[in-house]
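One structure below.
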Amino acid sequence: MDNRATSVGGAGALQLSPMSLNHELADIFRTMAAVFEIKGESIFKAIAFSKVSRILNDMTFDIRKAYDDGTLAQIEGIGASSRKVIEDYLKNGRSADFEEVSTSVPAGLLPMLEIPGLGPKTIALLWKERGVTNVEELVKAIDEGKLDGLKGIGAKKIDSIKQGIALRAQAKGRVGIVEALPIGDSLVERVRALKGIKQAEVAGSLRRRKETIGDVDIVAAIDGKVDPSEISAEFVKFPEVQHILGQGTSKASVLTAGGLQVDLRLVPEENFGAALLYFTGSKDHNVRIRSRALDRGMTLSEWGLYDLAKYEKAEKKTAEAPKLKPVASKTEADIYKALGLAYVEPEMREDRGEVALAEANKLPKLITLADIRGDLHTHTTASDGIASIEEMAAAAVALGYKFLAITDHSKSQVIANGLTAERLLKHIAAIRKADGKVKGIKLLAGCEVDILVDGRLDFEEAVLKELDIVVASPHVSLKQESGKATDRLKRAIDTRYVNIIGHPTGRLINSREGLPLDLAQLFPLAAKNGTAMEINAGYPRLDLNEINARAAIEAGVTLSINTDAHSTVGFGEMIYGINVARRAGVMVSHVLNCMSFTDVMTFIEKKR
DNA sequence: GCCGTTTTCGGCCCGACTGTTTTCAGTCG
């Protein structure tokens, strides 16, 4: 939650681009939910608005479209009150309800929710009893001893708030999956090596392969003869651990030196599946399947799936499995099966309709790394890469690839040593020559051509037609207004020789928003004229992102998952593109570079 | 606030850990 309570909802909202309209509205609902929490209104009210916020963020279409079509009322989770806020905002560029709610508490209280250990109840208490309205005042109040004597706030609590403020200042926020995955893997290895551990897995958003990770979750099954508190004592002594947040008999939380939170959960082997399911989440997915369990007379917890009537009578102790035989608990698959669901891959567990698909046994068969047959966007020393054509080709052969497109930069990318038309023609000849020499792989002579600010390309058609394949990408002017940006990409998609739009938005995770494209206009066009859209697998691009990639396949667009490798090592990033694709529900049939070489060429020829 | 092949009212997922407590509230995931 950021401090936008006073910055959204103003008259400026009318100039918003379509997709950021969804995000602006999502912010409004998130803010309102936070205010409800602090004001102590029904927690379910806050949950309902948080859910609306998430729905808006996840939406693959423009909310204004639903409003215009009159289908707003059909969206599950958006009720009458939310609809009123949305309609108000669309019509007037502001919401009276939002303004009333957001001004009912000091705006400075909302960022206080980010302080670990400090929740809405305590924030409200500090505000009402001591007049604290922001983090700075909280620090001052603690230093001056003003919190002494507050009911329910003892010395330890004050100490933990102080620590929470310090932790928040040093916390780096969400880290990229590229950084978190190796940390998670190495910690899990270390856990597995502990005495008494039968198995251990990474869980949480890392297992779901989200593009950024809030913390690392690990679930471990322990030998029944071992005391779990001894294992958690070992865990908190790991060299990576800088600070212990909590430590019990079945659970431990720590902070690493890098500021990353790691949670370990210890369970008996027979409860491992339930714990892994619970700890993997997402929270919304858990809520969905737990409520399904209740509908079927069962209850699901991190210990297992149980018959509800028997469960209520059973003996339960903290940090111990309930004393009754579960319906299912050992594996995730057992639990899904007992709930009448097909197994849901972790990447799909986001409550975006996967449970309904699992019930109907219609989950997509998700793409895997092994399905990739080539890379269609790579660079060499001819522009800004560090490997030769032959070196890149050899690395691709080693990966088992059947084809490889060499697509160095065009002339506008001066900084990247972009090719002039003359140099490009020579480069094409060099690629063709290498193709004749290298065995086991087809090399395509390509180019990553700049999409200029008005949608023209960096080379004339006379040059483009000499190439086997063209990737067209936006590199500059990435802060265009939505209409212009959309027209710019439209023109590129419409260009005869363009086969793939590279990193279509130009976004960079945590540092650049990218073009505010109206993808609802672009995707049908791309689907119709046979232009593929890229999932650029390089971090921090991952562009298209999972939401946009999902919208793309829903519109019938062919995707291409490419690394944009600038070295042979760069090929290794393909897995991150696969992660995005899996989270988007992408199957082999959606992806250009999962096709045979012949079919790739047919796809290209068809547009020419 | 949202929702409904048991409901238009009365529910809403479930448990661990911490701190301030003589039985529980708050926070977190």
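Just so we're on the same page: letters track the sequence lines, and every chain starts at 1. Since this is a predicted model, take the numbers as computed values, not measurements. For the numbers below, each heavy atom of this structure counts, side chains included, while hydrogens, waters and symmetry mates do not.
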Side-chain N,O ([X]) to OP1/OP2 ([N]) below 4.0 Å:
| X | N | result |
| --- | --- | --- |
| A:S253 | B:dG29 | no |
| A:Q261 | B:dG29 | yes |
| A:S291 | B:dC12 | no |
| A:T299 | B:dC14 | yes |
| A:S301 | B:dC14 | no |

Round to a whole Å and report the spacing from [atom1] of [X] to [atom2] of [N].
| X | N | atom1 | atom2 | answer |
| --- | --- | --- | --- | --- |
| A:L294 | B:dC12 | CG | P | 8 Å |
| A:D217 | B:dG29 | CG | P | 9 Å |
| A:Y278 | B:dA16 | OH | P | 9 Å |
| A:R288 | B:dC3 | CZ | P | 10 Å |

query: Is A:E37 paired with A:K121 through a side-chain N to carboxylate O contact shorter than 4.0 Å?
result: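 Salt bridge absent between A:K121 and A:E37.
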
- prompt: So what does A:I289 hit on the nucleic acid, given a heavy-atom distance under 4.0 Å: a base, only sugar-phosphate, or nothing?
  reply: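 Touches nothing.
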
Mind checking the [atom1] distance from [N] to [M]? Whole angstroms is fine.
| N | M | atom1 | result |
| --- | --- | --- | --- |
| B:dT7 | B:dC12 | C1' | 13 Å |
| B:dC24 | B:dT20 | C1' | 9 Å |
| B:dT21 | B:dC17 | C1' | 14 Å |
| B:dC13 | B:dG29 | C1' | 12 Å |

statement: Scanning all shown strands, the Watson-Crick or wobble mate of B:dC14 with both distances under 3.5 Å is B:dG29

message: Cation-pi check for A:Y343 against A:R349: NZ or CZ below 6.0 Å from the six-membered ring centre and within 45 degrees of the axis, yes or no?
response: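 Judged by the rule (NZ or CZ under 6.0 Å from the ring centre, within 45° of its axis), A:R349 counts as positioned above A:Y343.
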
- prompt: Relative to each other, are the rings of A:F49 and A:F29 parallel, tilted or perpendicular (30° and 60° limits)?
  reply: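 If you compare the ring of A:F49 with that of A:F29, the planes turn out perpendicular.
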
- request: Report yes if the ring of A:F44 lies under 5.5 Å from the six-membered base ring of B:dC12 with planes under 30°, and no otherwise.
  value: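 Base of B:dC12: stacked against A:F44.
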
